[in-house]
Amino acid sequence: MQFSLTANDSKSAARAGLLETDHGSIETPIFMPVGTVGSVKACHIRDVHDEVKAQIILGNTYHLYLRPGLEVLEAAGGLHRFNGWDRAILTDSGGFQVFSLTGIRKMKEEGVEFQSHIDGSRHLFTPERVMDIERSIGADIMMAFDECTPGTSDYHYAKQSMERTHRWLDRCVKRFSETEPKYGYRQALFPIVQGCVYRDLRMQSAEYIASKGADGNAIGGLAVGEPTETMYEMIELVNTILPKDKPRYLMGVGTPANLLEGISRGVDMFDCVMPTRNGRNGMIFTSEGIINLRNEKWKDDFSPVDPDGGTFVDVQYSKAYLRHLFIAGEILGPMIASLHNLGFYLWLVREARRHIIAGDFAIWRDAMLPKVSRRL
RNA sequence: GGGGGAGUCGCAUAGUGGCAAUUGCAACAGACUGUAAAUCUGUCCUCGGAUGAGUUCGGUGGUUCGAGUCCACCUUCCCCCA
């Protein structure tokens, strides 16, 4: 996996780059749509490809392991062959499920014991097991198995959690190096910085992660309960340590404003369920602001969903019609909103990249920030 | 003409002596950040808010400390027999 920098912004830490995988090149900064169970919810692969112009999507180890299961994925020849997505795929390791499935999981040094949220059955995830599963799924980028430490954790817990994540990382690296890809193309392993909201822990973690010399590095454990300003502070701090010549991936973030702020601080890759989940729940993001489609005020607004949007749904349908679909509970509503939001997110990062290369990123960003956060 | 049943906050429902009153839908608003989410929460008689006040269960009157609930009459609707 190759990463090269195309341009560096002179007024911020923003950069434009190119990440090359065996499933095509990725122009950074990039947003990666989330496709937890192998599907970007409510979106056709063709539209994610041709309309959204996504270059890489996510899958989730825990969810895919439970359903459809490794036998099916291996028989299919990996996730790409299974879901028909021929560009790059990144798989999260299940570290976020360690965080979100509180109550039906048990943390141990060995790994994490999960109870399936589907049928209650018990499963043990160890770093080694997770590497094996990610090999079977066949992701281009495999994430190390970590614990996503809650943003509200105290120092003592955060330190312990971070240290365990580091020990797990060593086990991931070992297993990764002892195993081979199953489908004939290369896979990379990205380690994850933790450390919660504590500066010294974040620095320590960033140094540890950087020392592994991975093809790319991730920042985890953010946007999980801590104030937004703290998140920005942590990103800034960590990125002074993570290598400049490798892509940096801010996991699970975020809002359009978070993307702009993250890019300014040297982040190259983002993923978030927000465009799809909030889209399904009737919220759309546009270059002019945020719209809650269920609100009565859109009842007779027959203007296009987003006149500046880049996907066909933006001009094909009106706000009033889209509101009607949501109010009526029609499945087409979530489909349109999801596609629109992903299209907007990808447009946003493409524009950011264009302005970084053109040299006027900061000016563009400052003009965009108040607009994208505005409630319409 | 005779017999039976029913009228509850937009609609549908619960309630048979302590009730501003159940539940569902609808309506309106909010939340959502590596997806246990096509989900969840709140409001939904009036008074800006209230553990507060006022006014409510077809209408009028009555019994009772207390009535959506019991009684009388009136009224509207539905069903059956003529």
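The basis for the numbers below is simple: all heavy atoms, side chains too, and nothing from hydrogens, waters or symmetry mates. A note on names: the letters A, B, ... follow the listed sequences, proteins ahead of strands, and every chain is numbered from 1.
Within 4.0 Å of Leu58(A), counting heavy atoms only, lie sugar-phosphate atoms of the nucleic acid but no base atom. Counting non-hydrogen atoms under 4.0 angstrom, Gln115(A) reaches nothing in the nucleic acid. Base engagement by Met283(A) is indicated by at least one non-hydrogen atom pair under 4.0 Å involving a base atom. Using a 4.0 Å heavy-atom distance criterion, Gly221(A) is classed as a base contact. Leu90(A) comes within contact range of no nucleotide atom at all, as no heavy-atom separation falls under 4.0 Å. Contacts of Asn281(A) with the nucleic acid, taken as non-hydrogen atoms under 4.0 Å apart, include base atoms. Nucleic acid contact class of Thr276(A) (heavy atoms, under 4.0 Å, all strands): base. Here Asn295(A) lies in heavy-atom contact (under 4.0 Å) with sugar-phosphate atoms only. Residue Arg105(A) is classed as having no contact, given no heavy-atom separation below 4.0 Å to the nucleic acid.
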Show me the side-chain donor-acceptor pairs of residues 334-345 of chain A shorter than 3.5 Å, one per line, residues at least two apart or across chains.
unit_1, atom_1, unit_2, atom_2, d
Ser338(A), OG, Pro334(A), O, 2.7
His340(A), ND1, Asp314(A), OD1, 2.4
His340(A), NE2, Phe285(A), O, 2.5
Asn341(A), OD1, Phe285(A), N, 2.8
Asn341(A), ND2, Pro275(A), O, 2.9
Asn341(A), ND2, Met283(A), O, 2.9
Tyr345(A), OH, Gly254(A), O, 2.8

(message) Set out, in order, the CA-CA distance, both residues' side-chain angles and the distance that settles ring pair (Phe, Tyr, Trp, His ring centres under 6.0 Å) for Tyr62(A) and Phe96(A), then state yes or no.
(response) CA-CA 9 Å; Tyr62(A) 165 82; Phe96(A) 184 75; over 10 Å; no

(request) Would you please test Gln97(A) and Arg105(A) for side chain to side chain contact (heavy atoms under 4.5 Å, CB included) and show each step? (result) CA-CA 9 Å; Gln97(A) 280 64 45; Arg105(A) 52 85 168 157; over 6 Å; no

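At A36(B), one or more side-chain N or O atoms of Gln97(A) fall inside 4.0 Å of OP1 or OP2 (strictly under the cut-off).
Put simply, the residue from His166(A), Arg202(A), Met162(A) that forms a side-chain contact (heavy atoms from CB on, under 4.5 Å) with Val193(A) is Arg202(A). Each of His23(A), His49(A), His80(A) was evaluated against Trp85(A); a single residue qualifies, His49(A), per the ring pair (Phe, Tyr, Trp, His ring centres under 6.0 Å) test.
Side-chain atoms of Thr255(A) lie closest to U33(B) of the nucleotides A38(B), U33(B), U35(B). Listed nucleotides G34(B), U35(B), G30(B) differ in distance to Asn60(A); the shortest reach to its side chain belongs to U35(B).
In RNA chain B, runs of at least 3 consecutive Watson-Crick or G-U pairs, each pair with both distances below 3.5 Å, span B:1-7 with B:75-81, B:10-12 with B:23-25, B:27-31 with B:39-43, B:45-47 with B:52-54, B:58-62 with B:70-74.
In this structure, C19(B) is classed as syn because its glycosidic torsion stays within 90° of zero.
Atom P of C11(B) sits at a distance of 32 Å from the matching atom of G3(B), rounded to the whole Å. Remark: the separation of the C1' atoms in A14(B) and U76(B) is 23 Å, to the nearest Å.
Geometrically, Arg81(A) does not engage Tyr183(A) in a cation-pi contact, judged by NZ or CZ lying under 6.0 Å from the ring centre and within 45° of the ring axis.
For the pair Ala223(A) and Ser100(A), both in contact range of RNA chain B, the more 5′-proximal nearest nucleotide belongs to Ala223(A).
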